[in-house]
Each structure stands twice: as structure tokens, then as C-alpha cells.
Amino acid sequence: MSKGRSEAATGAPGILLKYLRDQNRPYSAQDVFGNLQREHGLGKAAVVKALEQLAQQGKIKEKMYGKQKIYFADQDQFDVVSEADLQSLDAKIVALTATVQSLQQSCRHMEAELKELTSALTTPEMQKEIQELQKECAGYTERLKSAKAATNHVTPEEKEQVYRERHKYCKEWRKRKRMASELCDAILEGYPKSKKQFFEEVGIETDEDYNVKLPDP
């Protein structure tokens, strides 16, 4: 055992007696150990030994609940509380509970506000963002100006003519592809080899060979 742990164990009875009197509620040895271990560096064995010693000396009370021992302060040392005092304490508890709830709500509001402020851009970041947006806007303005100044605009009539021609050629493409497919199928009915071999011998190249897809109508 280290020197610090040894000194804590020696003073354990006094520490535990004060704790039980201040808290004035029942605890198991494990509860006391868990609550005081970090602050005072008490070991589990020292806590159990000190509690048993205090109980034997009559300084605290000990009761068995099943297989577990419960320790609490001797109630004879406390003044008798009148009914009026109990009601006063209950009123204080209600008032304090309301205060705690109000403070918790305020804390939640402040935490939400802090989160919002933390995620927001700082003034220098905003200034930099504004400069970048202004630069981007200037670029778009220049492009728009160039587009308006161009003389090679396509008129609506020319655009419509292009679409009509596209439709015409795609229709013809689809027609000729169907005719070629029907013709090849007719030949293949009496052809002794596979379709692939027929295409190779004749030298037919398909749209699929070049990953070309017929546009939608």
C-alpha cells in the first residue's frame, strides 16, 4: 500500500462518519466506496473496515437487507423536526425544484445559441466569402456580356429547322436499320453458319460494334 493510500485508510472512519452525517441517507459499502474513492483515494477494503468499526462503536447504524449491509447516520443525534418544519422544507424543495428546472431550461437555450454561434462564420470568414462571391459574380457578368455581344446567335427558326432535320434523319436511320435487319434475318434462315460469321464474311458493321445508340424519337 502506498503512503497516500495508507494515510487515507487511517483517516477513513472520520471521513465516512462525516459523509454519512452530511448526507443523512442509507448507503451500502459499495456506494460509499464509489462516491468517495476518487476524492479521498480510499480502497474498498478500507471503506468496509471503517464502516464496520463505526457501527461497532455505535457511531452509525447498520442494517441487513437481504445479503447486503446498509449503513446510515444515527438519527438520535439529529433534532426532532416538527410537522411545520417538514412542511417548510417541502415548500423549499418545491421552490428549489422549480428554480432548477428554470435554470436547466435556460442552459438548454444558451447551449443551443452557443452551438449556433459556433457553427456560424466569423467576420473574417464572411468577408472572404463575400469577396469570393463578388469575384464569381463578376465572372458571370462578363460571360453574359460576351454572350449578348456575340453576333452568331441561332434564331428560333434555325433551331426549329435543326430539330426537324434531326427527326427526319433519325426516322430514316430507324427505317433502314429495320429493313437491313429483316433482310439479314431472311438470309440467315438458309445460311449454314452463325449470324456473327455471316456479318464477318459480308463485312456488315452494326451500331452495337461502335457503341452507337439510336436516339429516341
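Start at 1 with the first residue, then count along the sequence.
Linking Ile, Leu, Val, Met, Phe, Trp and Tyr whenever their side-chain heavy atoms come within less than 4.5 Å puts L214 and V212 in one cluster. A single hydrophobic cluster is not seen to contain both V94 and V100; linkage of ILVMFWY side chains at heavy-atom distances under 4.5 Å, directly or through other members, places them apart. Transitive grouping of hydrophobic side chains (ILVMFWY, heavy atoms separated by less than 4.5 Å) keeps I187 and M179 in distinct clusters. Grouping the Ile, Leu, Val, Met, Phe, Trp and Tyr side chains by contacts below 4.5 angstrom, directly or via other members, places V47 apart from F72. A continuous path of Ile, Leu, Val, Met, Phe, Trp and Tyr side chains, each step under 4.5 Å between heavy atoms, connects L51 with Y19, placing both in one hydrophobic cluster.
Between W173 and D207 the shortest side-chain heavy-atom distance falls below 4.5 Å. The side-chain heavy atoms of K145 and T141, taken from C-beta on, include no pair separated by under 4.5 Å. For the pair Q75 and N24, the minimum side-chain heavy-atom distance is below 4.5 Å.
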>> Test side-chain hydrogen bond (donor to acceptor under 3.5 Å, both in side chains) on Y27 and N35; report intermediate values, then the result.
In response: CA-CA 10 Å; Y27 288 109; N35 294 341; 4.5 Å; no

> Please walk me through it: do Q105 and R108 pass side-chain hydrogen bond (donor to acceptor under 3.5 Å, both in side chains)?
Replying inline: CA-CA 5 Å; Q105 186 175 5; R108 285 193 291 268; 5.3 Å; no

>> I'd like to know whether E83 forms a side chain to side chain contact (heavy atoms under 4.5 Å, CB included) with Q87, so could you lay out the CA-CA distance, the side-chain angles of the two residues, the decisive distance to 0.1 Å, and finally the verdict.
In response: CA-CA 6 Å; E83 185 65 27; Q87 292 179 357; 3.9 Å; yes

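We find the CD-CD distance between Q131 and Q127 to be 7.0 Å, quoted to the nearest 0.5 Å. A distance of 15.5 Å separates NZ in K59 from OH in Y71, rounded to the nearest 0.5 Å. Remark: K69 NZ to E52 CD distance equals 4.5 Å, nearest 0.5 Å. Atom CD of E201 and atom OH of Y191 lie 3.0 Å apart (nearest 0.5 Å). Taking CD1 from I60 and CZ from R21, the interatomic distance works out to 10.0 Å, rounded to the nearest 0.5 Å. I15 contributes atom CD1, which lies 12.0 Å from atom CG of L20 (distance to the nearest 0.5 angstrom).
The two residues P215 and C170 come nearest to each other via the heavy atoms CG-SG, 3.8 Å. Considering every non-hydrogen atom in both F198 and I204, the closest pair reads CE2-CD1, 4.1 Å. Across every non-hydrogen atom of A29 and V48, the tightest pair is CB-CG2, 3.9 Å. A pairwise comparison of heavy atoms in D74 and G58 identifies OD2-O, 4.2 Å as the closest pair. Looking at every heavy atom in both residues, L16 comes nearest to V32 through CD2-CG1, 3.4 Å.
Proximity of a side-chain donor or acceptor of Q68 to a complementary backbone N or O of Y65 within less than 3.5 Å is not detected. No side-chain donor-acceptor contact under 3.5 Å links S181 to the backbone of K177. Under a 3.5 Å cut-off, the side chain of S102 and the backbone N or O of A98 do not form any donor-acceptor pair. Remark: the backbone N or O of E182 is not paired with any side-chain donor or acceptor of D185 at under 3.5 angstrom.
Applying the side chain to side chain contact (heavy atoms under 4.5 Å, CB included) test to R38 and every residue at least two apart in sequence or in another chain returns nothing. For the side chain to side chain contact (heavy atoms under 4.5 Å, CB included) test, residues two or more places apart in sequence or in another chain that qualify with Y163 are K159.
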Donor-acceptor pairs are to be reported for all side-chain atoms of residues 115-123 against protein atoms at under 3.5 Å, with residues two or more places apart or in another chain.
| residue | atom | partner | partner atom | Å |
| --- | --- | --- | --- | --- |
| T118 | OG1 | L114 | O | 2.7 |
| S119 | OG | K115 | O | 3.1 |
| S119 | OG | E116 | O | 3.0 |
| T122 | OG1 | E125 | N | 3.4 |
| T122 | OG1 | E125 | OE1 | 3.3 |

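In the displayed structure, E113 atom CD is contacted under 6.0 Å by at most 12 heavy atoms of other residues, nucleotides or ligands. Enclosure of atom CZ in R143 is not indicated, since only 12 or fewer non-hydrogen atoms of other residues, nucleotides or ligands lie within 6.0 angstrom.
Q161 and E157 form no side-chain donor-acceptor contact under 3.5 Å, judged by distance and modelled atom types alone.
Between K196 and E208 no salt bridge is recorded (no basic side-chain N to carboxylate O distance below 4.0 Å).
Paired with E172 under the rule side-chain hydrogen bond (donor to acceptor under 3.5 Å, both in side chains), one option of R176, R174, K175, K168 passes, and it is R176.
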